[in-house]
Amino acid sequence: MSEHKIPFIRRYIFSTDHKIIGIQFLFVSLFFMVVGGLLALMVRWQLGYPDRPMPLGTLFPEEIMPEGYIGPELYNQLFTMHASVMIFLVIIPILAGAFGNFLIPLMIGARDMAYPKLNMLSFWVSFPGGLVMAASFFVENGPAATGWTAYPPLSAVPDYTGVTLGQTLWIVSVIILGTGSIMGAVNYITTIINMRAPGMRFFRMPLTIWALFITAILQLMATPVLAAALGMLLFDRTLGTNFFAPSGGGQVLLWQHIFWFYSHPAVYIMILPSMGFVSDVLATFARKPVFGYKAMVYSLMGIAGLGFIVWGHHMFQSGMNPALGTAFMMSTMVIAVPSAIKTFNWLGTLWRGSIHFTTPMLNGMAFVSTFIIGGLSGVFMASTPVDIYIHDTYYIVAHIHYVLFGGSLFGVFAAITYWFPKMFGRMMSETWGKVHFVLTFVFFNLTFFPMHLLGMGGHMRRIYYDPNQYLFLKDMQPWNVFITNAALVLGASQAIFALNFIISLFAGRKVDRNPWNANSLEWSASSPAPHGNWGDRTPTVYRGPYEYSVPGLAEDFLPQDRPGEEVPAPPRTDVLSPAKA
Amino acid sequence: MTRTRNPVPQTPSPPVPNYTIATLIFLVAGAMFFAGLIGAYLVLRYGSGTWPAPGMPPLPVGLASASTALIALSSVALLRAVRAMRTLDAVTLRRGLFASAALGTAFLAVQAAQWSRLLDLGLGFRATTYGTTFYVLTGAHAAHAISGVVWLVLIAARQRELWVPDRRSRAIEVCALYWHFVGLVWIGMFVVLYLL
Amino acid sequence: MRSWLPEGVSTYSSTIDNMFYLILVVTGVLFVLTEALLFLFAFLYRRRAGRRATYTHGNNTLEVIWTIVPAIMLVILGIASRNAWNEIKGSVPDTDEVVTITASQFNWEVRYPGSDGSFDTPDDVITNNEMRLPVGVPVRIRLRSEDVIHSFFVPQFRLKQDAVPGLTIEVWVEATRTGEFEIACAELCGFGHYSMRGVLTVMEQGEYRSWIEEAQAGVAATLAEPAPTAAAGGPA
Ligand code: HEA
Ligand code: HEA
Ligand code: CUA
Ligand SMILES: [Cu+2]
């Protein structure tokens, strides 16, 4: 165990160990999740209680929150930064950065990434990128205020928002974060192509790995395009060029096209890994092979591929040619098909399983349940005529949160609770995990479901609430109060998770290699796995990752690396004797 | 590139080595970056009534053809250098690397000549999207080309022995892929900016 | 308290609503089906002593079914949506009524042609954040913006269209009843976005005629006076 001699700073700070890097990403992202969540609660406070100062609001400087009230400028900054933090500093880094790093080598049987130093660099590029975004809170005139979509001319000309350096820092930060993502993606793809353990064929990889692989390809291809657009925006903003300024020959819609060319694939970057985690979690706790493994793989590919040709569905009302709208609508409708395949296969996985309701399983099932709602609401928006009405209303906000919180974040909760023992060698508390799950599931739905109704009522998004403005919004205000109350409980419930997480780090029950009796390779390394993952041996893989409840075996699982015959197609039951293990 | 510290081979000898895959993947990202820029250029160009912008000089196709020829020759020189490396001919290798770097430098010089000519003719960076897109596209490309030339020179300068250490041979292969990429992007830009 | 689609008062509002309800029914059925299965399976197949999970890797027939059936449903929804979309966006009904709206931070400038019948001439009738339209005739609305992107939104019309700097975008609407409605800005346009509210009055045609004629006359009268700053606001 020579790694014990590695000094602390190289072991935990500038580590090249993929697991440590993954955990670094995890901690940083969870920290930012608290930030993003608190920003959301401030948004909610304004919407629910515009006539009352925010609790603790007086602690903020007077010029930001006079007497503890949130003004319209601040409001715009709050939801902009809420979304930017959640997307760029929480969901993407936690899915790709934390779990991509932690899981890829462990699950394919590699001792580390192909390029450990590049991997370290990717964290140490991303982290300052996050700091730049955080710094924008403290500069003169505050952080960005244009929504996370940063549409010019609003974002290109400081006078239109009054925000100066903050918006520029936002652009720079996203460029830096994108660079970090690309570095990660290069590493992941190379590692998955070239570093699989003997016997780990592509179609024996767990769906988590497939999902992370395809996500990396999406990141690789989409992020540079965003970088180009951000560069142009930065030039418009700081050098006075006119890419997006019609007065100087530029085009306003150009930004939207490029931005969504990136950001639609990006929303799948934010869901595919969760889909992968959930597939693994569902199989493990239903004690059953994933239903339709290959269909799951192909549908991941289908979502990713189609994801590049649907961006225009964000622009139906933008003034884009209506005929183009029809084309984008059709491609968007088609992209629901692979999602349908996945949904039905998850249900198929549960069918006739033997379901253990552990915390990861509950969160995984919540993922399926809420992803369905979020996905189905996407079909309304995909329909061009319906989108005329619901575009830029709370219907969209409901969709966003059903797919991103209900989808991605429940997937993350499932993943954290599932792989926690592998990361830290200890279990999280199941009891508190379930309490957190129930509260989150209930108050999540109470918070976000009514937003559909607000959207149907025509309630615009990105609207600071002033009771003296729109009468029809005033009419819907009771819903907003209800939502705010639910959101406050939802936010408070997350403290349970945070406490459970932190306490379990130090006081959780210690566990052995394979606490869940799962099959994939990471469970054959010790918990936590040492540098190099398996000491001086690497595992050899004999079968796919989902051989649960194989007939004829005493145990209901059959690890990928247990030597023996390959498991043949289902009808045969005389497979192999467990004695060989 | 970093060596694998692992004593145990990961997969029974992967058919394509890590560094080639990683480089190609990285270049896909680069290609998407330039695709984004070129796409934006096309949208702006075909969305505007007159191109070149009124009163602005046309782009110097002659000079650009010269730079295209130079960067193409540079790639050819590098191809030959890499072939020499494979046949363990270190002298030709070194010569090829320097030749490639020299041609690359010449390419950059012609690019600089283009910019100064156009600036003299009044094509500013800010005033028109015609000017902005031209400088941004060629500038982004030149930035890549400069890093490529510097890299080539560094490698060539170090190649003094009569043999090529493994590690350097990998670096040369990676650098060559990168340099060919830079050349291809230029050819794409030449077609789009000057010939369309 | 409004928590459903508001009353629709344009000729195409019911087209949009029907499309909405069609999708609601389709997705509603799928929602109930999938969620019910999820909960049913969770209940039926909870872990029990002595029962083992069924060992199966899937079923190709099922895969084909649940690929094709949703695909067909989605294509049908797509075609129905396209038809509705073409009805709304395909062609503008023949009409002489044209209004130009110029959005700016944070104001809707509504412009009617003066007695010369053309826009952007000194005799235009201009109102701010107030719009009047006749009921029962199609009206073309030309949207422009002076600074950032805004979005012209009248919930009861089921009409929403961005106003984009550098573009003039034309939409149309035919109101089906008179009354007062709110105009909202639906695209984030700066700190005053929340307050970019306008009022739309749909009037009887005769009433509208006399209002516009009076307004035109008013502008003409101001123009006739030798005041140099003529084009500014007409009667409100
Ligand atoms: C994780 C993120 C995520 C995911 C997975 C999705 C998935 C989908 N999204 Fe969403 N989307 C966002 C994140 C995401 N979206 C965000 C953040 C925005 C707002 C951006 C902004 O403006 O700020 C947005 C906005 C957005 C719009 C623009 C709306 C507007 O601004 O007017 C549209 C329009 O088409 C859309 C459509 C879809 C569709 C069709 C899917 C599909 O992939 C969903 C497919 C899934 C299903 C359909 C459910 C499962 C299937 C079945 C149960 C059976 C079969 C179903 C049928 C036959 C109907 N999304
Ligand atoms: C992953 C993405 C994500 C997540 C999780 C959330 C979470 C929440 N969001 Fe957000 N939201 C977006 C993405 C997300 N949102 C996006 C993209 C937009 C569009 C913005 C735009 O228009 O530009 C948006 C916009 C948006 C709006 C619309 C604003 C407007 O249009 O005016 C609202 C309003 O209610 C809102 C509310 C909330 C609330 C109440 C939560 C709550 O769920 C928050 C509760 C959560 C917490 C309080 C977190 C606490 C976490 C922990 C304690 C765990 C820590 C663990 C450890 C330390 C171990 N969001
Ligand atoms: Cu104008 Cu929002
Ligand atoms: Cu999208």
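Convention: sequence-line order gives letters A, B, ...; per-chain numbering from 1.
Counting heavy atoms from C-beta on, the side chains of A/Met333 and C/Val75 never come closer than 4.5 Å.
Counting heavy-atom pairs under 4.5 Å between each of A/Val337, A/Leu453, A/Asp392, A/Ile388 and chain C puts A/Ile388 at the top. Taking A/Asp556, A/Asn345, A/Leu473 one by one and counting their heavy-atom pairs under 4.5 Å with chain C, the maximum is reached by A/Asn345. By number of non-hydrogen pairs under 4.5 angstrom with chain C, the leading residue of A/Ile372, A/Thr161, A/Asn468 is A/Ile372. Note on C/Gly28, C/Ala42, C/Gly192, C/Ser145: by heavy-atom pairs under 4.5 Å with chain A, the leading option is C/Ala42. Between chain C and the options A/Leu350, A/Thr384, A/Val386, the largest number of non-hydrogen pairs under 4.5 Å is found for A/Thr384. In terms of heavy-atom pairs under 4.5 angstrom with chain C, the leader among A/Pro246, A/Gly292, A/Ser354, A/Pro152 is A/Ser354. For the set A/Pro338, A/Ala295, A/Ser383, A/Gly250, the count of heavy-atom pairs under 4.5 angstrom toward chain C peaks at A/Ser383. Comparing C/Ala84, C/Pro70, C/Gly90, C/Pro6 by how many heavy-atom pairs each has under 4.5 Å with chain A, the most go to C/Pro6. Chosen from C/Leu30, C/Asp147, C/Val171, the residue pairing most often with chain A at heavy-atom distances under 4.5 Å is C/Asp147. Of the listed residues (C/Glu87, C/Met19, C/Gln105), the greatest number of heavy-atom pairs within a distance under 4.5 Å of chain A belongs to C/Gln105.
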Quiz item: Yes or no on side chain to side chain contact (heavy atoms under 4.5 Å, CB included) for C/Arg197 and A/Asp466, after CA distance, side-chain angles and deciding distance?
Solution: CA-CA 12 Å; C/Arg197 171 178 180 267; A/Asp466 174 351; over 6 Å; no
Self-check item: Audit row: C/Thr34, A/Phe344, side chain to side chain contact (heavy atoms under 4.5 Å, CB included) steps and yes/no
Solution: CA-CA 8 Å; C/Thr34 46; A/Phe344 291 120; 3.8 Å; yes
Quiz item: Between C/His57 and A/Lys288, is a side chain to side chain contact (heavy atoms under 4.5 Å, CB included) present by the stated rule, with each step listed?
Solution: CA-CA 8 Å; C/His57 281 276; A/Lys288 211 174 149 260; over 6 Å; no
Self-check item: Worked check of side chain to side chain contact (heavy atoms under 4.5 Å, CB included) between C/Leu188 and A/Asn76
Solution: CA-CA 9 Å; C/Leu188 176 65; A/Asn76 290 354; 3.8 Å; yes
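For residues 246-256 of chain A, the set of pairs meeting the side chain to side chain donor-acceptor pair (under 3.5 Å) definition, not counting sequence neighbours, is empty.
When heavy atoms are compared at a cutoff of 4.5 Å, A/Tyr160 approaches chain C by way of both its backbone and its side chain. For a residue to count as touching a neighbouring chain, one of its non-hydrogen atoms must lie under 4.5 Å from one of that chain's; by this rule C/Leu24 touches chain A with backbone and side chain alike. With a threshold of 4.5 angstrom between heavy atoms, C/Phe153 approaches chain A through side-chain atoms but not through N, CA, C or O. No part of A/Tyr298 comes within reach of chain C, as not one of its non-hydrogen atoms sits under 4.5 angstrom from that chain. Contacts of C/Ile183 with chain A are made by backbone atoms alone, with heavy-atom separations under 4.5 Å and no side-chain atom involved. Contact annotation for A/Met365: both backbone and side-chain heavy atoms come within less than 4.5 Å of a heavy atom of chain C. Within the 4.5 angstrom heavy-atom criterion, only backbone atoms of A/Ala286 (N, CA, C, O) approach chain C. Heavy atoms closer than 4.5 Å to chain A are found in both the backbone and the side chain of C/Leu38. Contacts between C/Asn59 and chain A at a heavy-atom distance below 4.5 Å involve backbone atoms as well as side-chain atoms. Contacts of A/Phe357 with chain C are made by side-chain atoms alone, with heavy-atom separations under 4.5 Å and no backbone atom involved. Only the backbone of A/Val290 comes within contact range of chain C, judged by heavy atoms closer than 4.5 Å. Heavy atoms closer than 4.5 Å to chain A are found nowhere in C/Gln156, neither backbone nor side chain. Using a 4.5 Å cut-off between heavy atoms, A/Tyr548 touches chain C through its backbone atoms (N, CA, C, O) alone.
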Could you pull out every donor-acceptor pair under 3.5 Å between side chains of residues 454-463 of chain A and any protein atom, sequence neighbours left out?
from, atom 1, to, atom 2, distance (Å)
A/His459, NE2, A/Asn480, ND2, 3.2
A/Arg462, NH2, A/Thr149, OG1, 3.2

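Note that the OG1 atom of C/Thr56 and the CZ atom of A/Arg352 stand 9.0 Å from one another [nearest 0.5 Å]. Annotation: the span from C/Asp17 atom CG to A/Tyr389 atom OH amounts to 8.0 Å, rounded to 0.5 Å. The OG1 atom of A/Thr326 sits 11.5 Å away from the CD1 atom of C/Ile79 when rounded to the nearest 0.5 Å. In this structure, the separation between CG on C/Leu44 and CD1 on A/Ile355 is 9.0 Å, given to the nearest 0.5 Å. The CD atom of A/Gln317 sits 10.5 Å away from atom CD1 of C/Ile169, with the distance rounded to the nearest 0.5 Å. Taking CG of C/Leu62 as the reference point, atom CH2 of A/Trp351 lies at 8.0 Å (rounded to 0.5 Å).
The shortest non-hydrogen separation linking C/Tyr55 to A/Ser549 is CB-O, 3.3 Å. Shown here for A/Phe316 and C/Trp85, the closest heavy-atom pair between the two residues is O-CH2, 3.8 Å. For the pair A/Ala336 and C/Leu74, the tightest heavy-atom approach, listed with the atom from each and the gap, is CB-CD1, 3.6 Å. Listed here is the closest heavy atom pair of A/Phe291 and C/Glu63: CD2-OE2, 4.0 Å. The minimum heavy-atom distance between C/Glu182 and A/Gln469, with the atom names listed, is OE2-O, 4.2 Å.
Between A/Tyr395 and C/Phe20, the ring-plane angle classifies as perpendicular under the 30° and 60° cut-offs.
Other residues, nucleotides and ligands place more than 12 heavy atoms under 6.0 Å from the CG atom of C/Asp120. Within 6.0 Å of atom CZ in A/Phe472, more than 12 heavy atoms from other residues, nucleotides or ligands are found, so the atom counts as buried in its surroundings.
Looking at C/Tyr194, C/Phe106, C/Phe191 one by one, the single match for ring pair (Phe, Tyr, Trp, His ring centres under 6.0 Å) with A/Tyr464 turns out to be C/Tyr194.
Contacts between residues 158-166 of chain C and chain A, defined by a heavy-atom separation under 4.5 Å, are made by C/Arg158, C/Leu159, C/Lys160, C/Gln161, C/Asp162, C/Val164, C/Pro165, C/Gly166.
Considering only residues two or more places apart in sequence or on other chains, C/Phe31 meets the ring pair (Phe, Tyr, Trp, His ring centres under 6.0 Å) condition with none of them.
C/Arg52 contributes a side-chain N or O that, together with a main-chain N or O of A/Val550, makes up a donor-acceptor pair within less than 3.5 Å. Side-chain N or O atoms of C/Arg51 include one that pairs as donor or acceptor with a backbone N or O of A/Gly353 at under 3.5 Å.
Under 3.5 Å, the side chains of C/Glu35 and A/Ser369 contain a donor-acceptor pair of N or O atoms.
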